[in-house]
Amino acid sequence: MNKQLLRLTEIAQKPQRTIIGLMSGTSLDGLDIAMCKFKWKKPQLLNFRTVEYSQDLRNRIRAVQSQVQVNLQEVCVLHTELAHLYADLVLESLEEWGIELHQVDLIASHGQTIYHHPNEKMNSTLQIVDGDHIAEKTGIVTISDFRQKHVAKGGEGAPIAGIMDEALFRSESKHRLLLNLGGISNFTWLPSKESGEEILTSDIGPANTLINEAMKKHFNKPFDENGKVASNGNVHSGLLKYLLLEPFFRKPFPKTTGQEDFNLDLVEELMTGFKIELEPEDLVATLTHLTVQSITRAFEEVIGNKPFEIFISGGGVHNLTVMSGLKERLGNAEFKDFEESGITADSKEAVLMAFLANECVVGGEWELGKVSL
């Protein structure tokens, strides 16, 4: 047998595996790196860090992200350049954590989404960051292209968190909901097993992406720290109403979206068309309220008045204006500390990648991902 295939077989047969999950979302905060140990399906988070992207790198990715026309050479270069950056950051993290290379079985790389295109005729999604370069530079077997496999299997490429959410969080007697506040908000509704109801995983709409774009343009900051800018602004009810009339919000669940549907150009077109002029703080406040209201409307439609526990992850948990708005409006929800699960709110998406890589090699019900040896 080819020695690389033999190595992969040996990893799959081990009683436990150490896997590094890598995640960078559309909000371009940076690279999340989570090192996990797996005994069968359950992850134990051993180490975690986030390395911020430089402003120059953010700008370069934004120039090719969710754009109809791009510089193809730049896409190609970023595909390789980001892979080398990811590999360097993995090696740096292992040195910082005192972990030898041979102690890591797999790297799971989500990649950087640059276009997401759900379509009635054919779904498609594109994440760059070459897994082969990560594997070659680190010497660690790397699994990537999770969303492409999801599309190939008939899905829309997003969200894919429901696989882990069901395995780790579903309760016999309690209704639970997992909400992720990344660039786009998504949720997994986990009705109790005894209820007999089916789970549902879906995107909701913009979480941080519009807020971040407005902050970058008007304040030259990557995000609204603690929701301070939004808390000092006033919500423009007219603009909020027009935004909530966007066709995506009227689609039935489950559904998926991205920055292709929700971007600052769309907001500014609406403002121009309806002759709305706003101070920057009021724009950020309105976009923040859009996040809160789109989420609460979605939950009213899916859950109704049922009591449920809610676990929230993603960068949006640090936006106090968003979080206070959700707590004010979700009276039937019991807000739980995500760390009760053994995973932190910030690490959840990176842990998800590690979980999917483990499923890929163990050969469970879900086998998502491309293996780079």
Side chains of H116 and T256, donor plus acceptor under 3.5 Å: yes

Q73 backbone acceptor or donor facing N71 side chain under 3.5 Å: yes

From CG (L243) to NE2 (H236), nearest 0.5 Å: 11.0 Å

E95 and S93: side chain donor to acceptor below 3.5 Å: no

Backbone of F248 reached by a side-chain donor or acceptor of K255 within 3.5 Å: yes

Heavy-atom pair of closest approach, residues L22 and M353: O-CG, 3.6 Å

E334 with R176: basic N within carboxylate O range, under 4.0 Å: no

Atom of M35, atom of I99 and distance for their closest heavy-atom approach: CE-CG1, 3.7 Å

Donor-acceptor pair between T50 and D32 side chains, under 3.5 angstrom: yes

Distance-minimising heavy-atom pair for P159 and T201: CG-CG2, 3.2 Å

Neighbour count >12 (heavy atoms, 6.0 Å) for atom NZ, K174: no

E339 and T344 side chains, donor-acceptor separation under 3.5 Å: no

Parallel, tilted or perpendicular: rings of F187 and F253 (30°, 60°): perpendicular

Side chains of Q259 and T209, donor plus acceptor under 3.5 Å: yes

Evaluation steps, side-chain contact (heavy atoms from CB on, under 4.5 Å), between L101 and L91: CA-CA 8 Å; L101 279 173; L91 295 174; 3.6 Å; yes

Euclidean distance, I11 CD1 relative to L6 CG, rounded to 0.5 Å: 10.0 Å

Within 6.0 angstrom of K14 NZ, more than 12 heavy atoms from elsewhere: yes

Verdict with reasoning, S66 to E260, per side-chain hydrogen bond (donor to acceptor under 3.5 Å, both in side chains): CA-CA 5 Å; S66 305; E260 298 75 18; 3.0 Å; yes

R17 (side chain) donor-acceptor with N358 (main chain) under 3.5 angstrom: no

Residues K348, D165: salt bridge by 4.0 Å N-O rule: yes

Check: N332 side chain, G304 main-chain N or O, donor-acceptor pair, under 3.5 Å: yes

Basic-acidic side-chain contact under 4.0 Å: E213, R62: no

Any donor-acceptor N/O pair, R58 side chain to L28 backbone, under 3.5 Å: yes

E198 atom CD, neighbour heavy-atom count above 12 within 6.0 Å: no

Residues K216 and N220: side-chain donor-acceptor under 3.5 angstrom: yes

Validation row: L239, L283 side chains within 4.5 angstrom (heavy atoms): yes

Closest approach of A34 to A350 (non-hydrogen atoms, all atoms of both residues): CB-CB, 3.7 Å

Pair H175-S195, side-chain contact (heavy atoms from CB on, under 4.5 Å): steps then yes or no: CA-CA 9 Å; H175 298 314; S195 72; 4.0 Å; yes

Aromatic ring pairing Y53/Y86, orientation class (parallel under 30°, perpendicular over 60°, tilted between): parallel

Any side-chain donor near an acceptor of the partner, D29 and S27, under 3.5 Å: yes

Neighbour count above 12 (heavy atom, 6.0 Å) for E340 CD: yes

From CA spacing to verdict: side-chain contact (heavy atoms from CB on, under 4.5 Å), L78, V64: CA-CA 10 Å; L78 280 169; V64 301; 4.0 Å; yes

Backbone of P254 reached by a side-chain donor or acceptor of S202 within 3.5 Å: no

Atom pair CD (Q65) and CD (Q112), whose distance is rounded to the nearest 0.5 Å: 6.0 Å

Interatomic spacing from CD1 in I107 to OG1 in T142 - rounded to 0.5 Å: 4.0 Å

N123 side-chain N/O to N119 backbone N/O, donor-acceptor pair under 3.5 Å: yes

D337 CG: over 12 foreign heavy atoms closer than 6.0 Å: yes

Least distance between heavy atoms, N234 atom then D282 atom: N-OD1, 2.7 Å

Rounded distance [0.5 Å steps], OG1 in T113 versus CD in Q127: 3.5 Å

T257 backbone acceptor or donor facing D261 side chain under 3.5 Å: no

Value rounded to 0.5 Å, distance of CG in N208 from CD1 in I184: 9.0 Å

Donor-acceptor contact below 3.5 Å, side chain R329 vs main chain G325: yes

Trace of the ring pair (Phe, Tyr, Trp, His ring centres under 6.0 Å) decision for F335 with F308: CA-CA 9 Å; F335 285 74; F308 64 97; 8.1 Å; no

Audit row: M323, H318, side-chain contact (heavy atoms from CB on, under 4.5 Å) steps and yes/no: CA-CA 8 Å; M323 293 299 292; H318 303 294; over 6 Å; no

Ring geometry between H84 and H133 (parallel below 30°, tilted from 30 to 60°, perpendicular above 60°): tilted

Ring centres under 6.0 angstrom apart (F249, F262): yes

4.5 Å side-chain heavy-atom contact, K37 and P43: no

Nearest heavy-atom neighbours spanning L45 and S347: CD2-OG, 3.4 Å

Derivation and outcome, side-chain hydrogen bond (donor to acceptor under 3.5 Å, both in side chains), residues D130 and T80: CA-CA 6 Å; D130 193 330; T80 303; 5.1 Å; no

Lys/Arg N to Asp/Glu carboxylate O, E277 vs K275, below 4.0 Å: no

L85 side chain near E81 side chain, heavy-atom distance below 4.5 Å: no

Within 6.0 angstrom of E268 CD, more than 12 heavy atoms from elsewhere: yes

